[in-house]
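One structure below.
Chain A is the first sequence line, chain B the second, and so forth, proteins listed ahead of strands; every chain is numbered from 1. Any value given below was found using the heavy atoms of this structure, including those in side chains, with hydrogens, waters and symmetry copies removed.
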Amino acid sequence: MTTPKNTSEIHLFNTQTRTVEPFKPIKDGEVGLYTCGPTVYHYAHIGNLRTYVFEDVLRRLFEASGYKVNHVMNITDVGHLESDADEGEDKIMLAAQREKKSPWEIARFFENAFFEDCQALNLKRPQTVCRATEHIAEMIEFVKELENKGIAYVVDGNVYYDTTKFPTYADFARLDLAHMQEHGRVEQDHRKRNPQDFVLWFSQSKYPNQIMKWESPWGIGFPGWHIECSAMASKYLGSQFDIHCGGIDHIFVHHTNEIAQSEGKFGHKWVNYWLHGEFLVLDQGKMSKSKGDTLTVSTLKEAGYDPIHFRYLCLTTHYRGQLRFSYESLEAARNAYETLHNKLDDWATSAAGAVSEADIRIAADYRTQFWGALSDDLNTPVALSVLWTCLRDDRLSDTAKQDFFTSTDAVLGLAGAVGTELTLTPQQQKLIEEREAARARKDWKRADEIRTALDEQGIVLKDRPTGTDWIVKKLKLSPNPSGLTHS
RNA sequence: GGCGCGGUACACAAGUGGUAAGGGAGAGGUCUGCAAAACCUUUAUACGUCGGUUCGAUUCCGACCCGCGCCUCCA
């Protein structure tokens with residue numbers, strides 16, 4: 001591990017206490033991080049992706065602060081229920097029928113698609129990615145133990161968690177159980193003893209033609225949704241770990257139930273810090289897969305944007321505030337990003353030599369502010385603002401700016417995605433040479449023709465005192481290659 | 001009905017009990033053969049409305065209006 005870039009103490013908003021707290025790891029210098037992963041029956045939409053961007057920034061901040069992060073993420077490839085229809089069905093099964101493929105093929109296909117999106121957004125891959133279907137045995141063990149402890153009960157082959165055995169059940173989500181509305185949309189399961197009880201294992205599937213089924217002590221069936229995270233998180237991170245993240249919608253059902261299961265089983269605190277990302281919303285409200293109005297990475301590409309522009313957009317809003325998505329905002333993010341991109345390109349030729357003493361002194365303030373903002377519950381908007389102010393401080397040399405940007409990018413992750421080399425075709429190279437000759441003899445007409453022609457191919461020429469340079473325009477490239485610039 | 005979040009310039013978005021970061025867009029300018037890029041200048045007497053506390057509130061308290069989320073699979 002190199003010298004940490006950040007030396008500020010990290011503070012995070014903990015949903016458990018609803019306050020910003022200083023972060024104290026269980027084990028010095030290490031962080032156990034569990035982030036709720038995707039349900040792979042569909043492409044991830046940009047709302048989902050926003051949460052993963054926030055989690056990626058969190059992880060990168062810890063790494064930049066010298067921590068060794070053990071990041072675990074689940075892949076939910078079974079077990080979620082379709083809610084809209086009264087007789088819900090397994091979502092993956094539905095998708096399988098739609099696509100005429102096996103559930104296993106569907107799950108794997110969308111899992112791969114998910115990681116391609118992640119790569120396009122420059123998200124670091126978790127050290128451990130675990131699939132629910134590969135941990136059925138662990139889940140069964142988990143449920144068995146809850147049953148042995150008398151916290152779970154069996155009715156007709158289904159296993160239910162008895163929430164009355166967990167007195168603090170309502171605390172995490174601050175529920176007022178007495179005043180909660182009876183929900184009429186989903187048929188009540190009369191096997192439950194209490195309304196809040198939830199299923200740990202289904203044997204009594206009400207869904208016809210269930211394909212994904214496993215044997216269990218209670219009958220052939222499949223696990224309840226929440227159990228996978230409890231079982232896998234504790235398998236890979238232990239019975240108590242540092243941080244658990246997810247979308248804000250998980251505070252109630254999912255995480256509340258995970259806590260009940262896990263603390264019920266272990267008999268002690270399970271997770272020290274809970275972090276939740278707010279939603280990305282459209283004018284009409286949030287996006288949801290069931291409404292069919294989802295925007296995906298592909299949608300953005302088709303509209304002429306690079307996924308990294310979306311990453312930039314995410315950073316302009318604090319993760320605990322809703323991100324009001326619009327193409328106007330994305331456009332603004334793209335323009336800002338392109339300016340950074342151009343600066344990067346310029347520095348490739350202008351930055352040289354060592355950073356001077358004066359540079360170091362001036363940049364020190366910016367570093368303090370930048371890392372201070374990120375350490376203060378991941379304030380990326382302020383961090384970006386510090387970055388811009390630094391990059392426009394004319395007291396600093398280009399070398400110092402390049403140096404500053406590079407160190408901040410360990411967390412922002414903006415430049416990493418443009419790393420792939422991109423070369424000119426021989427024809428393009430020849431055109432540039434021809435234009436140079438035309439310019440030398442002041443044949444401006446020919447020179448402009450060539451510039452226009454190259455521009456249409458996505459190559460923008462920059463005439464500099466030292467000669468003509470070029471840069472790949474990331475605008476309007478569709479479909480977009482992952483390699484974006486030569487610099 | 002219960003719980004929670006938010007309303008800041010043209011749009012986005014930080015922030016603070018003492019008078020509004022930053023990026024985008026618009027306008028003007030520098031540079032350039034022309035461009036592109038970059039840079040410079042400029043754009044909120046004002047932070048939903050009405051009260052209250054205070055020497056002083058956008059920032060604290062109360063009421064109200066509006067938008068959104070969760071309570072049901074959902075990032």
Report the nucleotide, chosen from B:A38, B:G23, B:C68, that has the shortest atom-to-atom distance to any side-chain atom of A:V281. B:C68
Do the side-chain N or O atoms of A:N335 get closer than 4.0 angstrom to the phosphate oxygens (OP1, OP2) of B:G23? no
Would you list the protein and nucleotides 7-13 of chain B atom pairs, both N or O, that sit under 3.5 Å from each other?
unit_1, atom_1, unit_2, atom_2, d
B:C12, OP1, A:R324, NH1, 3.3
B:A13, OP2, A:R324, NE, 3.1
B:A13, OP2, A:R324, NH2, 2.6
B:A13, O2', A:T316, O, 3.4

Taking donor-acceptor contacts at under 3.5 Å, does the side chain of A:R392 reach the base of B:C39? no
Considering every strand and a 4.0 Å limit on heavy-atom distances, what is the contact class for A:R435: base, sugar-phosphate, or nothing? base
Partner nucleotide of B:U45 by Watson-Crick or wobble geometry (both distances under 3.5 Å): none
Tell me if the side-chain of A:D448 makes a donor-acceptor pair with the base of B:G33, cut-off 3.5 Å, by modelled atom types. yes
Classify the nucleic acid contact of A:G277 as base, sugar-phosphate or nothing, counting any heavy atom under 4.0 Å across all strands shown. nothing
Can you work out whether A:L384 or A:D376 has the more 5'-proximal nearest nucleotide on RNA chain B? A:D376
Counting Watson-Crick and G-U wobble pairs only, both distances under 3.5 Å, name the nucleotide matched with B:U16, or none. none
Pair of N/O donor and acceptor under 3.5 Å linking B:C34 base with A:D463 side chain: yes
Could you tell me which nucleotide pairs with B:G28 by Watson-Crick or G-U wobble geometry, both distances under 3.5 Å, or answer none if nothing does? B:C40
Measure the distance from CZ on A:R451 to C1' on B:C34 and round it to the nearest whole Å. 6 Å
Nearest-nucleotide pick for A:N48, side chain only, options being B:A37, B:A75, B:G22: B:A75
Within this structure, what is the CZ-to-C1' distance between A:R441 and B:G33, rounded to whole angstrom? 14 Å
Any strand counts, and the cut-off is 3.5 Å on both contacts for Watson-Crick or G-U wobble. Which nucleotide pairs with B:C50? B:G62
With a non-hydrogen cut-off below 4.0 angstrom, is A:W444 in contact with a base, only sugar-phosphate, or nothing? base
